[in-house]
Trainee: 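Dropping a structure here in structure tokens format, bear with me for questions.
Given the structure is predicted, the values throughout are model-derived calculations rather than measurements.
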Amino acid sequence: MTAHTTTSATGTAGLLLRDAPVYRDGAWAGDAVAIRGGRIQAVGTGDELSGLVGPDTEVRSLAGCWLLPGFHDAHVHPVGGGLEMAQCDLSGAVEIEEYLSRIATYADTHPDAAWITGGGWSMSSFPGGVPTAELLDRVVADRPVYLPNRDHHSAWVNTRALELAGLDAATPDPADGRIERDAAGRPTGALHEGAMGLVGRLVPEPTAADLLDALLRAQRYLHSIGVVGWQDALVGRGLGMQDTLETYLAAQRSGDLTAKVVLAQWWDRERGLEQLPELVERRRRAQAAGVRATSVKVMQDGVCETHTAALLDPYLDGHGASTHNHGLSFIAAEDLARFVTALDAEEFQVHVHALGDRAVRDSLDAVAAALAANGQRGNRHHLAHLQVVSPSDVERFAALGVVANAQPLWACRDEAMEELTLPFLPESARDRQYVFGSLQRAGARLAFGSDWPVSPAEPLWGMHVAVNRTAHDGSSGHEPLQREEALSITSAIEAYSAGSAYVNRVEDSTGRIEPGMAADLVAIDLDLLGADPTQIASASVRHTFVDGREVYSA
């Protein structure tokens, strides 16, 4: 093939990566990339690009690797993930006794910790998805324990924490949450959605130094799995999280922020349009420091496992009979339309947590209202999670220019799906989950993210599930979840690169390996295009480059 050089690509390369097939336009092309000044100077074969090698050029052989565009995560919580990595981390465990062992070990090795915090447990590990304070009391009874689960929509607390919060049988459920109770109405140790805050508000907040350490710890981890940029899906005070705007600004000022990020500011659902000027001012302050806080996160519903995702038809009970529970809409549909219209008029991108089909419809209606009032302003609004989408709403994504921001790792029949979701979903929702293929065929733009630490952040694992519709680790042993909704490997790669770069408005500079683009690259050890699709999750990242600088090497 012929080397593709830009007209400005005069002089020698600063770095030449060679002996690694290069992903371009859905195929492998050439085996070398020349980089100059952080940008891709040329793509071709090693022989074709040899003329760009000068006395100061670093030539690196990546023999045994394949080069992909660097991955972008369209929905992630890095600071929360970084904090959990340094606290009582329950992620990866599945057995109750393993959880208790980790908690006991952490408590023993942190005798001065006033609270035991961290999280990452799975609902599917417990009968009915509900852990109890009694279990925690076995290993920690003298100090309060507060442990959010993997999706951060529930928290596991011990008796001491319930006592400190003053929760008893007389405590009412908040409007946006639920306290698990025994037959006498006494709290049993699990708090869902807004009820988490009844205890969470008492947990000591991390310091500014803790938050900065967490961000940089998370950045190192995300770079190690090929992630070069992301959209932080919650920056502000929400869901028990601390405001991390200053954390990002500090990392930017010190030069430690190497990832390309957009911050989604939190929309406080307890307030209304009076918070809009604050969001505008925070965006201005961030921009002055070189950080883009140009998105606003609106949480519209909960999750299916706790029956709080907003559905058009009601959930079923444990016997398959219809109930009166349609889930929770945290914001009334008419208010959501007003809020999205006002945010759109202020040139904010709106990033909506919409998991159930009613939440999806209300969110699409809100974007439609904004377009009717403001015209097409190109703000690239996106809906995240999209577990259930009504067929009548699939084509609306493309028509309204709404990006489908999906978390592909969830699109399989794992234990949570088999035990906590499918038995309780109405028929109208059961076979309409994670409809990636339908959205793509209808012309919707797909962007992928992880929601880490809710679920693992590895893009290669997410691609595996998107293509196979089975668990990335083969643990479920179940048949694929709606095989017809599977994507090709090239579509999955695009959703994790160019698609997510589009959400963050950086698709003209990153997300593709082309001359003139930023040298944001990931080298992996598997030929994804030629390998057995069931082996995708076995691939690993060997090198990650941001602007031509190596930020990770295995």
Trainee: Determine whether more than 12 heavy atoms belonging to other residues, nucleotides or ligands lie under 6.0 Å from atom CD of E427.
Mentor: no

Trainee: Once you measure the plane-to-plane angle for W156 and W121, does it fall in the parallel (<30°), tilted (30-60°) or perpendicular (>60°) bin?
Mentor: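 Ring orientation of W156 relative to W121: perpendicular.
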
Trainee: Is there a donor-acceptor contact under 3.5 Å from the side chain of D317 to the main chain of H319?
Mentor: yes

Trainee: Are H72 and N504 linked by a side-chain donor-acceptor pair shorter than 3.5 Å?
Mentor: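 Looking only at side-chain atoms, N504 and H72 do not form any donor-acceptor pair under 3.5 Å.
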
Trainee: Just by distance, no angles: are the side chains of Q231 and S295 close enough, under 3.5 Å, to form a donor-acceptor pair?
Mentor: yes

Trainee: So, R178 and E193, do they make that salt bridge, N to O below 4.0 Å?
Mentor: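 Judged by the 4.0 Å cut-off on N to carboxylate O distance, R178 and E193 do not form a salt bridge.
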
Trainee: Does R512 pair with D25 as a salt bridge, N-O distance under 4.0 Å?
Mentor: no

Trainee: With sequence neighbours left out, write down each residue that passes side-chain contact (heavy atoms from CB on, under 4.5 Å) with S488, or none if nothing qualifies.
Mentor: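 Residues passing side-chain contact (heavy atoms from CB on, under 4.5 Å) with S488: T490, S491.
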
Trainee: Just to verify, what does R542 make a salt bridge (charged side-chain N to carboxylate O under 4.0 Å, His left out) with, not counting sequence neighbours?
Mentor: none

Trainee: How about T258 and Q219: does a side-chain donor come under 3.5 Å of a side-chain acceptor?
Mentor: yes

Trainee: By salt bridge (charged side-chain N to carboxylate O under 4.0 Å, His left out), which residues pair with R432, not counting sequence neighbours?
Mentor: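 For R432, no residue satisfies salt bridge (charged side-chain N to carboxylate O under 4.0 Å, His left out) once neighbours in sequence are set aside.
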
Trainee: Is it true that E550 and H223 share a donor-acceptor pair across their side chains at a distance under 3.5 Å?
Mentor: no

Trainee: Run the ring pair (Phe, Tyr, Trp, His ring centres under 6.0 Å) test against Y496 and tell me which residues pass, sequence neighbours left out.
Mentor: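 Applying ring pair (Phe, Tyr, Trp, His ring centres under 6.0 Å) to Y496 gives F448.
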
Trainee: Would you call D301 and R358 a salt bridge, using N to O less than 4.0 angstrom?
Mentor: no

Trainee: Please determine if E485 and R483 form a salt bridge, counting it only when a charged side-chain N lies under 4.0 Å from a carboxylate O.
Mentor: no

Trainee: Have R361 and S392 got a donor and an acceptor in their side chains that come within less than 3.5 Å?
Mentor: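 Side chains of R361 and S392: pair found under 3.5 Å.
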
Trainee: Any carboxylate oxygen within less than 4.0 angstrom of a Lys/Arg side-chain nitrogen, looking at R396 and D365?
Mentor: yes

Trainee: For R220, what residues pass the salt bridge (charged side-chain N to carboxylate O under 4.0 Å, His left out) criterion, not counting sequence neighbours?
Mentor: none

Trainee: By the ring pair (Phe, Tyr, Trp, His ring centres under 6.0 Å) test, which pairs, at least two apart or in different chains, include something from residues 376-400?
Mentor: H75-H385, H351-H382, H353-H385, H385-W410

Trainee: Compute whether any side-chain donor of one residue and acceptor of the other, for D357 and S390, lie under 3.5 angstrom apart.
Mentor: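 The answer is no; no qualifying pair exists.
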
Trainee: Could K260 and D520 be called an ion pair, given the rule that one side-chain N must be under 4.0 Å from one carboxylate O?
Mentor: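 A salt bridge is present here (some side-chain N lies under 4.0 Å from a carboxylate O).
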
Trainee: With heavy-atom distances below 4.5 Å as the criterion, would you say the side chains of L343 and T341 are in contact?
Mentor: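 With C-beta onward as the side chain, the pair stays apart.
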
Trainee: Going by atom types only, do T470 and N468 share a side-chain donor-acceptor pair under 3.5 Å?
Mentor: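 Absent: no donor and acceptor within the cut-off.
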
